[in-house]
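Here the structure is laid out as structure tokens; the discussion comes afterwards.
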Amino acid sequence: MSRTRRPGPQPGAAMASSPWILVAAGVVVMVVLLVVALGSVRGRSTFPAAGPADPVMSLPHVPPTPTAVTPTGPSPVSATAAVVPGLSPRSTVLPARPTPAAPTPSPRGVARPVLPPTPPPTPPSAVTGRYSVPSVFDGGFIGEVLLVNTARTARGWTVRAVFPGGRLVTAWVEGAEQGVFRFDDGVFTYRSGFDLAPGQSLPVRFHIERAGARPVSCIVDGTPCAER
């Protein structure tokens, strides 16, 4: 009677049926490799040997700072006041503008203004005049200024009389060459047409309406007229 031979297990069948065996073997191999790597790293030097130190730069010798002498004794100058090379040691702050000095009061305490000199008085005119009214009528009058030359030489003259609101009709000189006259805003003016000889006298007459017989003012060459 022949026996039937059972097939034995295949070599890779066990590993295929148990995959955790492959995982465990891989873990063991990785641990061994890690231990070997750590041992080789410890045998080496991590940092290179230190080289020669950097040379030290020497600073130039600075002489000691002089001390400032004051009346009470020397006082040390602060080391922070050293002057920077190439810069001016002077301050860049502009000086303040000087304050104007107050005026010195006078010894008496009151400043007196200096007045200009008084001009000398004007000498009286050589030609004088005397005012009168020879005739008065309804609505007007005839006025007269009698001129007299008191100088030793012949002189010209000018009569000026003010009659506010009046109206000049005419004016003339008795028995002599006529001059030039005008009437502006109540002001009557008569300028001589000839010079009076020394000691000579003559009347200047004028007809005026709508005004009083007495003028507000009457002058001959700047000198007030007298009245008669």
Side-chain angles (χ1 to χ4, degrees), residues 88 90-228:
S88 173
R90 298 181 180 178
S91 173
T92 57
V93 179
L94 297 178
R97 299 180 64 180
T99 304
T104 304
S106 61
R108 296 183 180 180
V110 178
R112 297 182 178 180
V114 179
L115 299 178
T118 303
T122 304
S125 173
V127 180
T128 61
R130 182 182 295 273
Y131 181 79
S132 62
V133 182
S135 176
V136 177
F137 46 84
D138 187 18
F141 65 93
I142 302 296
E144 176 185 290
V145 177
L146 181 63
L147 303 175
V148 179
N149 183 8
T150 60
R152 296 180 180 180
T153 58
R155 295 293 183 91
W157 45 271
T158 299
V159 175
R160 183 175 180 271
V162 180
F163 298 93
R167 185 177 73 88
L168 177 66
V169 178
T170 186
W172 67 96
V173 178
E174 292 286 346
E177 184 177 354
Q178 303 301 304
V180 179
F181 62 87
R182 59 186 303 175
F183 194 84
D184 295 326
D185 295 332
V187 180
F188 167 70
T189 305
Y190 199 112
R191 298 183 184 278
S192 62
F194 67 97
D195 293 344
L196 283 176
Q200 182 183 2
S201 64
L202 58 85
V204 176
R205 294 182 178 179
F206 39 86
H207 178 189
I208 295 181
E209 297 179 345
R210 305 175 185 174
R214 296 294 174 179
V216 174
S217 66
C218 175
I219 57 176
V220 176
D221 292 342
T223 302
C225 303
E227 293 188 6
R228 62 173 183 176

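The figures here come from the full heavy-atom set of this structure, side chains too, leaving out hydrogens, waters and symmetry mates.
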Identify each donor-acceptor pair in which a side-chain atom of residues 169-178 lies under 3.5 Å from a protein atom, sequence neighbours left out, and give them as a table.
from, atom 1, to, atom 2, distance (Å)
W172, NE1, E174, OE2, 2.8
Q178, OE1, V173, N, 2.9
Q178, OE1, Y190, OH, 3.3
Q178, NE2, V173, O, 2.9
Q178, NE2, A176, O, 3.0

Under 3.5 Å donor-acceptor pairs involving side-chain atoms of residues 193-207, not counting sequence neighbours:
from, atom 1, to, atom 2, distance (Å)
D195, OD1, G156, N, 3.4
Q200, OE1, A197, N, 2.8
R205, NE, E144, OE1, 2.6
R205, NH2, E144, OE1, 2.9

| said: I need the full list of disulfide bond (SG atoms under 2.5 Å apart) pairs touching residues 152-185, with sequence neighbours left out, sorted by first then second residue. | reply: none
| task | Please check if the side chain of T223 supplies one atom and the backbone of S125 the other of a donor-acceptor pair under 3.5 Å. | result | yes
| Nearest non-hydrogen partners of F141 and F137, listed with the distance | N-CZ, 3.6 Å
| query | Which residues satisfy the salt bridge (Lys or Arg N to Asp or Glu O under 4.0 Å) test with R182, sequence neighbours excluded? | reply | D184
| field | Non-neighbouring partners of P164 that pass side chain to side chain contact (heavy atoms under 4.5 Å, CB included), sequence neighbours left out | value | V162, V216
| remark: So the side-chain hydrogen bond (donor to acceptor under 3.5 Å, both in side chains) pairs with at least one residue in residues 126-142 (sequence neighbours excluded) are S132-R228
| remark: So side-chain hydrogen bond (donor to acceptor under 3.5 Å, both in side chains) across residues 153-162, not counting sequence neighbours, yields T153-R155
| note | Closest non-hydrogen atoms of G166 and A211, given as atom of the first, atom of the second and distance, are CA-CB, 3.6 Å
| task | Provide the full list of disulfide bond (SG atoms under 2.5 Å apart) pairs with a residue in residues 184-228, sequence neighbours left out, each pair given once. | result | C218-C225
| message | Please report the interatomic distance CZ(F181) to OG(S192), rounded to the nearest 0.5 Å. | response | 14.5 Å
| field | R214: partners by side-chain hydrogen bond (donor to acceptor under 3.5 Å, both in side chains), with sequence neighbours left out | value | none
| field | Atom CZ of R191 with >12 non-hydrogen neighbours under 6.0 angstrom | value | no
| message | Holding to side-chain hydrogen bond (donor to acceptor under 3.5 Å, both in side chains), I want the full list of residues that pass it with N149, two or more places apart in sequence or in another chain. | response | none
| request: Using the disulfide bond (SG atoms under 2.5 Å apart) rule, collect all pairs that involve residues 133-217, keeping only residues at least two apart or in two chains. | output: none
| query | Listed by chain and number, what are the salt bridge (Lys or Arg N to Asp or Glu O under 4.0 Å) partners of D185, not counting sequence neighbours? | reply | none
